[in-house]
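Shown next, in structure tokens, is the structure this report addresses.
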Amino acid sequence: MRGFFDPRQRAHAPAQELHNGGFVAYAETPARADAILAALGPLETPADRGEAPILAVHDAAYVDFLKTGPARWKAAGRPGDLVGYIWPIVGRRPLALDRIDALAGRFSLDAATPLTADTWTSAYWSAQSVLAALDAVLGGDRAAFALCRPPGHHAGRDYLGGYCHLNTAAIAAQAAIFGGMAPVAILDVDYHHGNGTQDIFWNRGDVFFASLHADPATDYPFYWGHADETGEGAGDGTTLNLPLPQGTTRDAFRAALATALDRIARFAPDLLIVSYGADTWAGDPISRFGIETADYRLLAADIAACGWPTLIAMEGGYACDALGANVAGFLSGF
Ligand code: Q9C
Ligand code: ZN
């Protein structure tokens with residue numbers, strides 16, 4: 001299977017994140033990409049398809065914030081990485097403020113995703129990697145892999161969060177539709193709910209979003225991913241959330257996967273995009289499922305058996321020592 005990664009995706013490296021009330025080392029490190037590359041061998045460098053496919057999904061003012069925010073933060077005399085500390089909660093007026101502190105809140109979901117001067121570059125090439133993998137599938141490959149780092153599924157049209165800035169799965173889905181592949185299904189098997197992807201396609205009838213994840217009653221992102229969220233308008237019924245309890249192991253995960261695949265089959269997609277997180281692994285430092293390394297091949301084989309052209313986009317997974325084996329195991333099932 002062809003895989004794509006650009007070395008510029010390594011540059012983004014915030015110093016720390018706010019975690020459970022204290023500051024800890026940022027979990028979404030460049031070493032994650034290195035671990036995956038060590039297991040898979042060198043990947044292909046993506047072509048540069050420019051900003052248009054990104055702007056087809058993301059708000060232009062948000063993209064400008066990603067590009068220029070860190071320099072403005074520095075110019076304002078702030079030490080450290082750019083991170084929000086005030087948010088325009090429901091009921092506040094939608095003021096178009098220009099202060100960098102106000103923008104940080106307007107364009108973010110949490111305080112766990114700082115921006116550095118390198119963030120835009122890394123996120124941009126993460127998006128180019130997913131577009132290159134899409135090109136491989138559009139060209140006839142049965143499956144292709146994008147080492148998307150930073151990841152994407154928590155990022156919405158105009159907000160970052162959960163270590164994500166540009167929603168790579170959504171960018172690929174929209175580009176696929178522009179390329180004549182429709183409808184598209186996105187299957188999100190990261191430990192966390194893909195709130196950004198769900199938001200972006202919430203009222204779309206041409207994209208089915210199915211997600212298996214830790215119950216948001218106990219896990220991040222809390223406010224999205226509950227079973228009663230099913231889409232609206234033209235997208236009524238095109239969102240499927242299957243929250244699972246902490247401690248979930250292979251067989252229960254596999255049963256939920258079968259439910260998701262059955263619903264996707266009824267949607268008859270031209271293309272499947274898998275948002276793959278290895279943070280479902282039993283030893284993940286920030287997650288609480290019990291999937292073992294050997295299980296990933298089996299789970300991937302269940303997906304592959306459906307026969308849809310498939311793009312696999314990397315999301316989370318924070319146990320660097322096991323990450324390479326987990327990703328390689330998953331890809332081996334296709
Ligand atoms: N105390 C992805 O896997 N931090 N993002 C949770 C819990 C955010 C994970 C803090 C986790 C986001 C792509
Ligand atoms: Zn995750």
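Just so you know, ligand 1 is whichever comes first in the structure, and atom 1 is the first atom listed for that ligand.
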In sequence, state the C-alpha distance, the side-chain angles, and the governing distance for Asp101 and Arg78, and then conclude on salt bridge (charged side-chain N to carboxylate O under 4.0 Å, His left out).
CA-CA 10 Å; Asp101 308 64; Arg78 307 297 164 63; 2.8 Å; yes
Please step through salt bridge (charged side-chain N to carboxylate O under 4.0 Å, His left out) for the pair Arg250 and Glu292, ending with a clear verdict.
CA-CA 8 Å; Arg250 184 192 65 193; Glu292 302 291 348; over 6 Å; no
Can Asp81 and Thr116 be said to form a side-chain hydrogen bond (donor to acceptor under 3.5 Å, both in side chains), step by step?
CA-CA 5 Å; Asp81 301 326; Thr116 75; 5.6 Å; no
Test salt bridge (charged side-chain N to carboxylate O under 4.0 Å, His left out) on Arg8 and Asp118 and set out the steps.
CA-CA 9 Å; Arg8 283 166 279 195; Asp118 296 314; over 6 Å; no
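The atom name of the N/O/S atom in His192 closest to the Zn ion (ligand 2) is ND1. Summary: OD1 is the N/O/S atom of Asp190 found nearest to the Zn ion (ligand 2). The nearest N/O/S atom of Asp279 to the Zn ion (ligand 2) is OD2.
By the 3.5 Å distance cut-off applied to N or O atoms, Tyr220 is not counted among the residues near ligand 1. Of the N or O atoms in Gly317, none lie within a sub-3.5 Å distance of an N or O in ligand 1. Looking at Glu315 next to ligand 1, no N or O pair under 3.5 Å apart turns up.
Atom 1 (N) of ligand 1 has Asn20 OD1, 2.6 Å as its closest protein atom, hydrogens excluded (heavy atom only). From the protein, the heavy atom lying nearest to atom 3 (O) of ligand 1 is Tyr318 OH, 2.6 Å. Scanning the protein heavy atoms around atom 5 (N) of ligand 1, the nearest turns out to be Gly162 O, 3.0 Å. Atom 10 (C) of ligand 1 has its closest protein heavy atom at His19 ND1, 3.5 Å. With hydrogens left out, the protein atom closest to atom 4 (N) of ligand 1 is Tyr163 OH, 4.0 Å, a heavy atom.
Of the heavy atoms in Glu28, none comes closer than 4.0 Å to ligand 1. Counting heavy atoms closer than 4.0 Å to ligand 1, residue Pro151 contributes side-chain atoms (C-beta onward) but none from N, CA, C or O.
Near Asp279, the atoms of ligand 1 lying under 4.0 angstrom from a non-hydrogen atom of the residue are 3 (O).
Atom CG in Asp110 sits 7.0 Å away from atom CH2 in Trp87 (nearest 0.5 Å).
For Glu17 (side chain) and Ala27 (main-chain N/O), a donor-acceptor pair under 3.5 Å exists by modelled atom type.
Taking only non-hydrogen atoms, the option from Glu17, His192, Met314, His153 nearest to atom 11 (C) of ligand 1 is His192.
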